[in-house]
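The structure appears right after this line, and notes come after that.
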Amino acid sequence: MKRIAILGSTGSIGTQALEVIGANPDSFELEVITANHNADLLIAQALAFKPNAVVIANEALYEQVRDALQHEAIKVYAGANALNSVVEMGTVDMVLTAMVGYAGLQPTIRAIKAGKEIALANKETLVVAGQLVTELARQQGVNIYPVDSEHSAIFQCLAGEFHNPIEKIILTASGGPFRGRKADELRQVTRAQALKHPNWEMGAKITIDSASLMNKGLEVIEAKWLFGLKNNQIEVVVHPQSIVHSLVQFEDGSIKAQLGLPDMKLPIQYALGYPNRLKSDYPRFNFMDYPQLTFEQPDLETFRNLQLAFDAMERGGNMPCILNAANEVAVAAFLREEVGFLEMSDIIEYSMAKVAYIANPSYEDYVTTDRETRDYAARMAGKLSL
């Protein structure tokens, strides 16, 4: 019986993780759930699952959550400090970090320092501070289990192969809703069009990242740290069907791939249940439903974000932190319909050129870099929206 804390239980990953936990009551017990603003759903989840504690990050919503749960034996906390503290609870075995963006970094670090296993759905943690986080995990003897479907696929392909060196990994990308389009066609893309992913149902931020291929860029940097790879060992191919979730090529030339229908509950369940594969009733893949699986090169000229991510990884230091912060600001501006689809890449590129580069950053340097980048990117977004 693993006792689970879910950071970000009201988001796409969090709600699906609760489905996994609910379907496996003999394997998992829910200890903690947290949310940022969605108090109503957090309350409903708490009433359904009866966790030990809940945290609402927005302190203005504390009384609403507390009053709704006053007749339950559930501890109610609020604020960022509470979020960092609950991951250290002695009753927690594993922390699923399903928060979106940079906000997931500090609680993940606190959980690792407390010796908790990590199921990582917050890719930005390793994008921003991959070297710091993975080194800390090694020092603490903490395992980090990937939840992203692509990294889960690589992890599954490596089962039984940990003594065999990797030649390279191949991350697959659906290509998003605008695959095949050129820059001129993307200038007038609307928010509604960008939020229609062809294969996956996800939150707004990650859906926009997928449309711009930034999500794949963040996954490239995450993979480097998760699997201890060199920059030239990571390749991206576009696979529109999203059936082959990623591949590993070994030094003998053999390639292993993990396949399955696009359903995030499978990688969530694999991470939570590792090393065991738990029985599920999820829909099964049928080759006859997909008589053709196709692959193509990503268009790095049109979808510049993927190239910017490779550039940031190559530069190292705090450059991936700059990339991530600028992207979060740019995506938020696009979702508010203040900047265009292609202008998101402009904001990121300008930020990478202007924010101070630090070759060997400390945690405090990451915090400063994130703040400075957000300020600069917000100013750029404001100029572009005029």
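Count residues from 1 along the sequence.
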Checklist entry - So, does S212 use its side chain to make a donor-acceptor pair with the main chain of D209 at under 3.5 Å? => result yes
Item to check | Side-chain heavy-atom pair M319, L323 within 4.5 angstrom cut-off | outcome: no
Item to check | Side-chain donor or acceptor of E338 paired with backbone N/O of G382 under 3.5 Å | outcome: no
Checklist entry - Can you list the steps and then say if N318 with D365 is a side chain to side chain donor-acceptor pair (under 3.5 Å)? => result CA-CA 8 Å; N318 68 334; D365 290 329; over 6 Å; no
Next on the checklist: Using side chain to side chain donor-acceptor pair (under 3.5 Å), reason through E161 and H163 one step at a time and then give a plain yes or no.
Outcome noted: CA-CA 5 Å; E161 301 279 5; H163 59 292; 5.3 Å; no
Item to check | Same cluster (ILVMFWY, side-chain, under 4.5 Å), V100 and L41 | outcome: no
Item to check | H151 and S246, any side-chain heavy atoms less than 4.5 Å apart | outcome: no
Next on the checklist: Quiz question: by atom type and distance under 3.5 Å, do the side chains of E19 and T15 form a donor-acceptor pair?
Outcome noted: no
Next on the checklist: I'd like to know if K168 pairs up with E235 as an ion pair, taking the criterion as any Lys NZ or Arg NE/NH1/NH2 lying under 4.0 Å from an Asp or Glu carboxylate oxygen.
Outcome noted: yes
Checklist entry - Can any side-chain N or O of Q241 pair as donor or acceptor with the backbone N or O of T294 at less than 3.5 Å? => result yes
Checklist outcome for this item: The reported gap from CD1 in I13 to CG in N122 (rounded to nearest 0.5 angstrom) is 11.0 Å
Checklist entry - Has N232 got more than 12 heavy atoms of other residues, nucleotides or ligands less than 6.0 Å from its CG? => result yes
Next on the checklist: Using the rule that Ile, Leu, Val, Met, Phe, Trp and Tyr join whenever any side-chain heavy atoms are under 4.5 Å apart, tell me whether L126 and I358 fall into a single cluster.
Outcome noted: no
Item to check | E301 CD: over 12 foreign heavy atoms closer than 6.0 Å | outcome: no
Next on the checklist: Just verifying a value: how many Å separate K205 NZ and F334 CZ, rounded to the nearest 0.5 Å?
Outcome noted: 13.5 Å
Item to check | Geometric cation-pi criterion, R315 with Y357: 6.0 Å, 45° | outcome: yes
Item to check | E72 and L47, any side-chain heavy atoms less than 4.5 Å apart | outcome: yes
Item to check | Electrostatic pair E219-K216, nearest N-O below 4.0 angstrom | outcome: yes
Checklist entry - Are any side-chain N or O atoms of Q233 and backbone N or O atoms of K230, one a donor and one an acceptor, separated by less than 3.5 Å? => result yes
Checklist entry - Between H245 and G260, is there a donor-acceptor pair closer than 3.5 Å when you use the side chain of the first and the backbone of the second? => result yes
Next on the checklist: Side chains of Q269 and S280: any donor to acceptor distance under 3.5 Å?
Outcome noted: no
Item to check | Nearest atoms (heavy-atom pairs only) where K116 meets V92 | outcome: NZ-O, 2.9 Å
Checklist outcome for this item: Heavy atoms of G8 and M99 approach each other most closely as N-CG, 4.0 Å
Item to check | Distance, nearest 0.5 Å, that separates CD1 of I208 from CG of L195 | outcome: 4.0 Å
Item to check | Crowding at CD, E251 (>12 non-hydrogen neighbours, <6.0 Å) | outcome: yes
Checklist entry - Do the side chains of I170 and V248 get nearer than 4.5 Å, heavy atoms only? => result no
Next on the checklist: When you group the ILVMFWY residues by side-chain heavy-atom contacts below 4.5 Å and let the links chain together, are M313 and L105 in the same group?
Outcome noted: yes
Checklist entry - Side chain of E185, backbone of K182: donor and acceptor closer than 3.5 Å? => result yes
Item to check | Output field: ring centroids Y145/Y270 closer than 6.0 Å | outcome: no
Checklist entry - What heavy-atom pair brings V220 and L306 nearest, and what distance separates the two atoms? => result CG2-CD1, 4.5 Å
Item to check | Validation row: I347, V339 side chains within 4.5 angstrom (heavy atoms) | outcome: yes
Next on the checklist: Would the distance check show the side chain of Q106 and the main-chain N or O of N84 forming a donor-acceptor pair, the cut-off being under 3.5 Å?
Outcome noted: no
Checklist entry - How long is the span from the CG atom in L69 to the NZ atom in K50, to the nearest 0.5 Å? => result 8.5 Å
Item to check | Value rounded to 0.5 Å, distance of OG in S152 from CG in D148 | outcome: 9.0 Å
Item to check | Non-hydrogen side-chain atoms of I6 and L30 separated by less than 4.5 Å | outcome: yes
Item to check | ring pair (Phe, Tyr, Trp, His ring centres under 6.0 Å) assessment of Y62 paired with Y77 | outcome: CA-CA 7 Å; Y62 169 71; Y77 304 107; 8.5 Å; no
Checklist entry - Under the 3.5 angstrom rule, does the side chain of R191 hit a backbone N or O of E337 as a donor-acceptor pair? => result no
Checklist entry - D299 and T302: side-chain donor and acceptor closer than 3.5 Å? => result yes
Item to check | Output field: ring centroids Y274/F155 closer than 6.0 Å | outcome: yes
Item to check | Cation-pi geometry met for K265 and Y282 (6.0 Å, 45°) | outcome: yes
Checklist entry - Are N215 and K123 close enough, and set up right, to give a side chain to side chain donor-acceptor pair (under 3.5 Å), and what steps lead you there? => result CA-CA 9 Å; N215 189 53; K123 60 178 65 66; 3.1 Å; yes
Checklist entry - Distance-only, no hydrogens or angles: does the T97 side chain make a donor-acceptor pair with backbone N or O of G104 under 3.5 Å? => result no
Next on the checklist: Evaluate D67 against Q70 for side chain to side chain donor-acceptor pair (under 3.5 Å), listing each step before the verdict.
Outcome noted: CA-CA 5 Å; D67 293 348; Q70 61 181 325; 5.3 Å; no
Item to check | Spatial distance of atom OG1 (T369) from atom CZ (R374) [nearest 0.5 Å] | outcome: 11.5 Å
Next on the checklist: Could you walk me through whether E31 and I4 satisfy the side-chain contact (heavy atoms from CB on, under 4.5 Å) test, starting with their C-alpha distance in whole Å, then the side-chain angles of each, then the deciding distance to 0.1 Å, before giving a yes or no?
Outcome noted: CA-CA 5 Å; E31 279 292 311; I4 310 293; over 6 Å; no
Checklist outcome for this item: Tightest non-hydrogen contact, residues S362 and L132, listed as C-CD1, 4.4 Å
Checklist entry - Are side-chain N/O atoms of Q131 and N360 paired as donor and acceptor at under 3.5 Å? => result no
Checklist entry - Does a salt bridge link D93 with K2, judged by any charged N lying under 4.0 Å from a carboxylate O? => result no
Next on the checklist: If I compare all heavy atoms of V142 with all of E117, which pair ends up nearest, and what's the gap?
Outcome noted: CG1-CA, 4.2 Å
Checklist entry - Is K113 atom NZ crowded by more than 12 heavy atoms from other residues, nucleotides or ligands, each under 6.0 Å away? => result no
Checklist entry - So do S174 and V238 actually touch side chain to side chain, heavy atoms under 4.5 Å? => result no
Checklist entry - Can you name the nearest heavy-atom pair linking A98 to A121, along with the distance? => result CA-CB, 4.1 Å
Checklist entry - Does any N or O in the side chain of H37 come within less than 3.5 Å of the main-chain N or O of N58, such that one atom is a donor and the other an acceptor? => result no
Item to check | Hphob cluster co-occupancy, V329 + I206, side-chain heavy atoms under 4.5 angstrom | outcome: no
Next on the checklist: Using side-chain contact (heavy atoms from CB on, under 4.5 Å), reason through L247 and I169 one step at a time and then give a plain yes or no.
Outcome noted: CA-CA 6 Å; L247 312 93; I169 66 166; over 6 Å; no
Item to check | CD/E63: more than 12 non-hydrogen atoms of other groups inside 6.0 Å | outcome: no
Checklist entry - M1, M94: one ILVMFWY side-chain cluster at the under-4.5 Å cut-off? => result no
Checklist entry - Can Q16 and S12 be counted as having a side-chain donor-acceptor contact under 3.5 angstrom? => result yes
Checklist entry - How about P146 and L120: do any of their side-chain heavy atoms sit closer than 4.5 Å? => result no
